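Chain naming here is simple, since letters A, B, ... match the order of the sequence lines and numbering starts at 1 in each. Everything quoted here is computed from the prediction, not taken from an experiment.
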2 protein chains.
Amino acid sequence: MEQLERLSSIARRRIIPANHYIFRDGDEAISFAAVNSGVVKLIKTTSEGERHVIGLVYAPEFLGHTFAETHKFSAAAATDVDICTFPRQAFNRLLLEYPDMQRWLFEFTVQELDVTREWTLMLGRKSSYERVASLLLIIARRTRNAGAQPVHENCAEFELPLTRSELADYLGLTLETVSRKVSQLKQQGLIELRSTRDVVVPNVELLAEAASMYEHRESAKAAKVAAFPA
Amino acid sequence: MEQLERLSSIARRRIIPANHYIFRDGDEAISFAAVNSGVVKLIKTTSEGERHVIGLVYAPEFLGHTFAETHKFSAAAATDVDICTFPRQAFNRLLLEYPDMQRWLFEFTVQELDVTREWTLMLGRKSSYERVASLLLIIARRTRNAGAQPVHENCAEFELPLTRSELADYLGLTLETVSRKVSQLKQQGLIELRSTRDVVVPNVELLAEAASMYEHRESAKAAKVAAFPA
DNA sequence: CGGGATATTGATGCCGTTCAAAAACAGTGG
DNA sequence: CCACTGTTTTTGAACGGCATCAATATCCCG
C-alpha cells in the first residue's frame with residue numbers, strides 16, 4: 001500500500017559487521033531502524049564513562065529513539081546485522097502524514113516500556129541463578145521468533161550474542177557469578193553447552209521454572225502495600 | 001483552544017483519599033489521567049500474587065497505559081490525590097482527531113521509557129546506601145517541581161509518600177536495610193528527620209554525591225563492550 | 001492511655017563480590 | 001600443522017554487604 005511504498009522510499013539498507021557501532025550515544029538521531037536479521041545490543045554510557053548493556057534487539061524488531069534530536073544510548077551489532085534505517089526528518093514527516101503509523105509506533109513503544117518495567121522488577125528481586133536462567137530463557141524465545149526453530153518445540157538451541165562479561169553487566173552481576181551459574185545450570189541438565197557461546201535447552205519448560213522458582217524470597221517478602229478498595 | 005475544550009469536556013475530576021486504589025491491575029483501562037495534586041504509587045502484581053511498587057507519579061505528571069484494553073499495573077493514592085481521568089474510548093477518539101496531541105503523548109511516553117531504563121541501570125549497580133540516597137534525591141526534586149519550594153535553593157524538605165517497606169520494595173531491598181541506610185544518612189548529616197516521614201535535606205548537592213559516589217565498583221568494573229567505530 | 005502498625009537496632013548467616021590463578025579459546029605467523 | 005600470545009572463561013578461596021531472624025522502640029489514632 002501507499003504507506004509502505006513511501007516508507008521504503010526513504011529507507012536505507014545497511015549491513016553492519018559484528019561488533020561495530022550502528023550509532024552512538026549523543027549522535028544525531030537516525031530516528032528509527034528495522035532489524036532484518038542479526039542481533040543488536042543497546043549500550044548506555046553513564047556519566048562516569050562506563051558502558052553498560054541495557055537491552056537487546058532481535059530481528060524482526062525495531063530500534064530507535066523516535067522524535068529525540070540525539071540518541072540517548074548507543075547501538076552496536078552483536079552479530080552481523082542487516083538493518084533498514086530511516087532518516088529522522090523524512091520519517092517524522094511521514095508520521096505526521098499517516099497517523100496510523102504513528103499510532104502503531106506508539107503502541108510499540110508502550111510495549112517496550114512494559115518490558116523494561118518487567119525487567120526492572122526482576123533485577124530487583126531475583127537471585128543470580130534465576131536471573132541467568134531468565135536471560136537465557138528470553139534469548140531462547142526471541143531467537144525462535146527470529147525464525148529458524150519451530151516455536152512449539154519444547155527445546156531450543158541458540159548462539160549467545162553476548163560475552164559473559166556483557167551478560168553479567170546486563171544482569172547486574174559479575175562475570176564470575178554468571179560463569180558459575182551457567183555451569184550450575186549445565187550440571188543440573190537444564191542447559192548444554194556445545195561451545196561457550198552455543199547453548200542447547202533440552203526442555204524450555206524446566207528452564208522457565210528455574211527462572212522464577214526457588215522459594216528464596218517469595219510471597220512472604222512482598223511488601224504489604226496498604227490500599228483499600230477504590 | 002479547541003483541543004483543550006474538547007479534552008476538558010470528557011474529563012472527570014476525582015478526589016481520592018490516601019491509600020485508596022485509583023485503578024487495579026487488569027481493570028478496564030481508563031486510558032489516561034492527569035494528576036493535579038498529590039502523589040500516586042504504581043503497583044505491579046506479579047504472577048505469584050506479590051505486590052511491588054514500580055513507580056511514583058507526582059503532580060503535575062500523567063498516568064496511564066494508553067491504548068491498552070486493560071491496565072498492566074495498579075495505581076493507588078499515596079497521599080490524598082486530585083486527578084482528572086479521561087475515559088479510554090473518548091480519549092482515543094480525540095487522539096485520532098488531533099495528531100498533535102497523540103504526538104505529545106508519545107513523546108511523553110518515550111521520556112518515561114528513558115527514566116525507567118535509567119532506574120533499571122541504577123538498581124543493577126548501586127549499593128544500598130546509594131540507592132536510598134538516590135531515591136530521596138529524586139523525591140526531593142520532584143516535590144520541588146510539584147510547587148512549594150524554590151527550585152534554586154540548595155536545601156529541600158518533603159514528606160515521604162511511602163512507608164519504609166514500600167521504599168524497600170521500590171529499591172529491591174529489605175525494609176531493615178532501608179531503615180539502616182536512612183539512619184546512616186542522618187548521622188552523616190546528609191538528611192535530617194523531623195519525623196519518620198518528614199525529611200529535610202540541608203544540602204542537595206551533597207546528597208547527590210552520596211547517591212552515585214563511592215568507589216564501590218566504578219570504571220574498573222564496567223564491562224568492556226567490544227565495538228569498533230561505526 | 002492503650003494497642004496495632006510502623007520503624008529502629010542488633011546478631012548471625014548466606015549469596016555474590018573480590019582477588020587470584022589456571023584453563024580454554026581464537027587468531028597469527030612460522 | 002603447531003607453537004605462541006592475548007582474550008575470554010572457568011574455578012577456587014576469602015571477604016563483606018545485605019538478608020534474615022528477633023527484640024525493642026516509636027508513631028498513630030481511637
Side-chain angles (χ1 to χ4, degrees), chain A residues 17-19 53 78 123-133 136 159-187 191 193-199 214-228, chain B residues 17-19 53 78-79 123-133 136 159-187 191-199 214-228:
Chain A
N19 288 325
V53 176
L123 279 190
R125 274 154 261 283
K126 289 189 182 177
S127 69
S128 63
Y129 184 78
E130 295 168 302
R131 289 191 215 183
V132 172
L136 291 180
E159 181 122 349
L160 279 175
L162 301 176
T163 68
R164 293 287 187 275
S165 170
E166 288 171 322
L167 290 175
D169 186 56
Y170 195 14
L171 291 167
L173 299 170
T174 60
L175 90 181
E176 294 96 326
T177 298
V178 169
S179 179
R180 274 184 250 274
K181 296 309 166 184
V182 167
S183 300
Q184 206 170 319
L185 284 165
K186 183 173 68 177
Q187 110 184 22
I191 62 171
L193 294 181
R194 288 205 196 296
S195 73
T196 47
R197 294 290 197 92
D198 198 348
V199 180
Y214 275 167
E215 72 297 352
H216 274 318
R217 27 163 157 169
E218 290 310 326
S219 28
K221 299 292 303 307
K224 278 183 294 182
V225 176
F228 308 161
Chain B
N19 288 327
V53 176
T79 66
L123 279 190
R125 273 154 262 284
K126 289 189 181 177
S127 70
S128 62
Y129 184 78
E130 293 168 305
R131 290 191 215 183
V132 172
L136 292 180
E159 180 122 351
L160 279 175
L162 301 177
T163 67
R164 294 286 187 274
S165 170
E166 289 170 323
L167 290 175
D169 186 57
Y170 196 14
L171 292 168
L173 299 169
T174 60
L175 90 182
E176 293 96 327
T177 299
V178 169
S179 180
R180 272 183 250 275
K181 296 309 165 184
V182 168
S183 300
Q184 205 170 320
L185 283 165
K186 182 173 68 176
Q187 111 183 22
I191 62 172
E192 294 159 25
L193 294 181
R194 290 207 195 293
S195 73
T196 46
R197 295 290 198 92
D198 199 348
V199 181
Y214 274 168
E215 72 296 352
H216 275 318
R217 27 163 158 168
E218 290 310 326
S219 30
K221 299 294 303 309
K224 279 183 294 182
V225 177
F228 308 162

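Under 4.0 angstrom from either OP1 or OP2 of C:dT17 there lies at least one side-chain N or O belonging to A:T177. At D:dT10, one or more side-chain N or O atoms of A:R164 fall inside 4.0 Å of OP1 or OP2 (strictly under the cut-off).
In the set C:dT9, C:dT8, C:dG16, C:dT9 carries the atom at the smallest distance from any side-chain atom of B:R180. Taking only side-chain atoms of A:E176, from C-beta outward, the nucleotide of C:dA20, D:dT9, D:dA13 with the closest atom is C:dA20. Comparing atom distances between the B:S128 side chain and each of D:dT20, D:dT9, D:dC18 picks out D:dC18 as nearest.
Residue A:S179 is in base contact, counting any heavy-atom pair closer than 4.0 Å across all strands shown. As judged by a 4.0 angstrom heavy-atom cut-off over every strand, A:S195 is placed among residues making no nucleic acid contact. Across all strands, B:R131 comes closer than 4.0 Å to no nucleic acid atom at all (heavy-atom distances). B:S183 comes within 4.0 angstrom of the backbone, heavy atoms only, and of no base.
Atoms CG (A:D169) and P (D:dT8) sit 14 Å apart, rounded to a whole Å. Atom C1' of nucleotide D:dT9 and atom NZ of A:K181 are separated by 16 Å, given to the nearest angstrom.
Under the 4.5 Å side-chain criterion, counting only non-hydrogen atoms from C-beta, A:R164 is in contact with A:V182.
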